[in-house]
2 protein chains.
Amino acid sequence: MNQRSFEEVHFVEECGLMFELMGLPRMAGRIFGWLLICNPPHQSTGDLAEVLQASKGSISTITRMLIQTGLIERVALPSQRRDYFRIRLNAWPQMTKQHLMQVTAFRQLAEKGLMLLEGENPQLLQRLEEMRDMHAFMEQELPLMIDRWEQQRSSPKIGTIADLTPVNQTPPASVPMIG
Amino acid sequence: MNQRSFEEVHFVEECGLMFELMGLPRMAGRIFGWLLICNPPHQSTGDLAEVLQASKGSISTITRMLIQTGLIERVALPSQRRDYFRIRLNAWPQMTKQHLMQVTAFRQLAEKGLMLLEGENPQLLQRLEEMRDMHAFMEQELPLMIDRWEQQRSSPKIGTIADLTPVNQTPPASVPMIG
DNA sequence: CAATAGGTTCAATATCTATTGAACATTCGC
DNA sequence: GCGAATGTTCAATAGATATTGAACCTATTG
């Protein structure tokens with residue numbers, strides 16, 4: 001009876017593939033994909049294991065990763081023992097913030113490279129200077145872009161998703177940000 | 001004699017790890033990393049195989065991938081049989097364009113999801129609407145950002161890198177862009 | 001407090017992907 | 001056109017990573 005429709009399975013698999021493209025485990029994409037379309041929008045470990053036909057261990061490991069990266073959160077239902085997971089509000093800006101960290105890492109790498117070539121013919125430096133400058137530029141621009149997004153979305157709508165209490169042991173994915 | 005210094009090896013390896021983080025083969029990062037710091041800035045398949053201690057096959061496969069994604073290009077030296085590779089000018093905006101394709105794919109996926117939930121309780125749609133809207137927003141913003149970058153870098157400097165002729169069989173990484 | 005459901009951990013395994021290397025193709029000089 | 005140098009392809013392998021599943025905690029309920 002709890003059969004997922006063909007379209008639902010397909011959606012979940014496609015999401016898995018997209019996550020794989022981004023270098024994340026396919027199962028992370030499956031979990032995220034299911035949480036995008038499930039009803040109710042919060043699901044327990046057991047639910048996920050059943051629907052996605054995966055082991056509880058797998059679900060446990062990967063939900064932890066998804067929480068850590070800020071894409072989902074753990075919520076508690078009033079009178080239930082189980083934990084539930086759901087998509088985190090602002091999951092996507094969060095991804096951009098992750099991306100921003102990569103950008104910073106690349107800028108720093110370029111700077112290391114430039115130190116290696118110190119004193120060399122300026123022509124040789126061009127490659128690394130472009131890399132450094134482009135990433136420094138993005139370090140400026142991306143936060144502004146996120147700001148514009150959060151502003152444009154005038155009504156923050158926080159709280160409308162549901163009345164569930166996010167479990168507070170889940171910090172807002174304390175992401176080490178650039179200095 | 002052609003020993004790479006410890007720092008150079010380290011730089012190359014770090015670049016490899018960063019590429020791996022992005023879901024690309026580590027060896028792609030190594031090749032790219034070496035092309036960032038090598039002197040001269042163009043290197044043949046053989047050079048790369050020797051310096052990176054990898055098989056020619058590996059180099060061949062991965063340079064093809066890097067060309068395909070627009071990060072490096074193949075150049076011909078006037079009186080030499082060999083092909084050489086070098087970092088492509090504008091390699092990094094190119095990466096952002098690749099990223100843009102992913103963004104589009106995510107928006108489309110969100111739209112598929114919304115079709116699945118057609119007629120459902122609006123609360124259930126929120127997750128997917130946020131996903132769609134955020135990605136549509138980035139589809140607007142990222143090209144503008146690239147424009148700003150290309151403008152800010154007032155002197156295009158094209159041609160100053162070297163007088164080598166890019167091999168024309170290498171199209172500018174014909175990237176299928178969004179409609 | 002015992003029983004049980006829910007969740008986590010971790011060693012073992014299955015699966016996948018990068019990498020090799022040898023055979024093959026191509027180009028260019030002589 | 002022949003031979004040497006260079007580059008490519010692809011089946012086999014090595015290596016890495018995701019996934020499982022059984023043992024182990026922990027919390028709740030009666």
Side-chain angles (χ1 to χ4, degrees), chain A residues 12-13 15-34 42-69 72-86 165 167-170, chain B residues 12-13 15-34 42-69 72-86 165 167-170:
Chain A
V12 165
E13 285 308 316
C15 205
L17 291 174
M18 302 261 325
F19 268 56
E20 211 166 47
L21 265 189
M22 299 196 307
L24 297 169
R26 183 180 298 193
M27 187 61 80
R30 291 212 190 90
I31 291 176
F32 193 83
W34 176 243
H42 47 86
Q43 304 269 299
S44 71
T45 301
D47 295 337
L48 292 171
E50 191 189 336
V51 170
L52 303 176
Q53 314 232 64
S55 68
K56 281 196 303 173
S58 197
I59 303 293
S60 174
T61 304
I62 299 205
T63 47
R64 185 145 40 86
M65 165 197 295
L66 285 170
I67 289 171
Q68 153 67 19
T69 59
I72 68 174
E73 62 190 352
R74 193 187 293 268
V75 291
L77 256 77
S79 61
Q80 302 235 199
R81 173 151 29 146
R82 288 193 258 198
D83 291 342
Y84 289 87
F85 302 100
R86 69 170 175 200
T165 315
V167 173
N168 53 1
Q169 281 134 351
T170 305
Chain B
V12 165
E13 286 307 315
C15 206
L17 291 175
M18 302 264 323
F19 269 56
E20 211 166 48
L21 266 189
M22 300 196 308
L24 297 168
R26 183 182 299 195
M27 187 61 79
R30 291 210 190 93
I31 291 176
F32 193 84
W34 176 243
H42 46 86
Q43 303 270 300
S44 70
T45 302
D47 295 338
L48 292 172
E50 192 191 335
V51 171
L52 303 176
Q53 314 233 62
S55 69
K56 281 195 303 171
S58 195
I59 303 293
S60 175
T61 304
I62 298 203
T63 48
R64 185 146 39 85
M65 165 196 294
L66 285 171
I67 287 170
Q68 152 68 20
T69 59
I72 69 174
E73 64 191 351
R74 192 188 293 270
V75 291
L77 256 77
S79 60
Q80 302 234 202
R81 173 145 34 141
R82 288 192 259 197
D83 291 342
Y84 289 87
F85 302 100
R86 70 169 175 202
T165 315
V167 174
N168 53 2
Q169 282 134 353
T170 305

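First the proteins, then the strands, lettered A, B, ... as listed; each starts at 1.
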* **Nearest-Å distance for atom pair CZ/C1', residues B:Arg82 and C:dG29** => 15 Å

* Structure fact -> Here the distance between atom P of C:dG7 and atom CD1 of A:Ile67, to the nearest Å, is 11 Å

* To do: Measure the CD-CE distance between B:Glu20 and B:Met22 for me, rounded to the nearest 0.5 Å.
  => 11.0 Å

* Once you round to the nearest 0.5 Å, how far does OG1 of B:Thr63 lie from CZ of B:Arg74? -> 6.0 Å

* To do: Grab the CZ-C1' distance between B:Arg64 and D:dT8 for me, whole Å please.
  => 8 Å

* To do: Measure the spacing between OG1 of A:Thr69 and CZ of A:Phe32 and express it to the nearest 0.5 Å.
  => 9.0 Å

* Asked: Within the structure shown, what part of the strands sits under 4.0 Å from A:Ser58 by heavy-atom distance: base, sugar-phosphate, or nothing?
  -> base

* Point-to-point distance, once rounded to the nearest 0.5 Å, from CZ of A:Arg30 to CD of A:Gln53 -> 10.0 Å

* To do: Report which part of the nucleic acid B:Ile59 touches: base, sugar-phosphate, or nothing (heavy-atom distance under 4.0 Å, all strands).
  => nothing

* Atom pair CD/OG1 of A:Glu50 and A:Thr45 - distance to nearest 0.5 Å -> 13.0 Å

* Nearest listed nucleotide, side chain of B:Ser55, among D:dT19, C:dT20, D:dT6 -> C:dT20

* Structure fact -> Taking D:dT8, D:dG7, C:dT19 as options, the one with an atom nearest any side-chain atom of B:Arg26 is C:dT19

* With a 4.0 Å cut-off on heavy atoms, is B:Thr45 in touch with a base, just the backbone sugar-phosphate, or nothing at all? -> sugar-phosphate

* To do: Using whole Å, report how far CE of A:Met65 lies from C1' of D:dT17.
  => 10 Å

* To do: Could you tell me the separation between the CD1 atom of B:Ile62 and the P atom of D:dC10, rounded to a whole number of Å?
  => 17 Å

* Which nucleotide in the set D:dT19, C:dT19, D:dT20 lies at the smallest distance from any side-chain heavy atom of A:Ala54? -> D:dT20

* Nearest-Å distance, CG (B:Leu17) to P (C:dA18)? -> 15 Å

* Within the structure, does a side-chain N or O atom of A:Arg74 lie under 4.0 Å from either OP1 or OP2 of C:dG6? -> no

* **A:Arg30 CZ to D:dT19 C1', straight-line distance once rounded to whole Å** => 10 Å

* To do: Tell me which of B:Gly57 and B:Gly23 sits closer to the 5' end of DNA chain C, going by the nucleotide each one is nearest to.
  => B:Gly23

* Rounded to the nearest angstrom, tell me the gap between atom NZ in A:Lys56 and atom P in D:dG21. => 12 Å

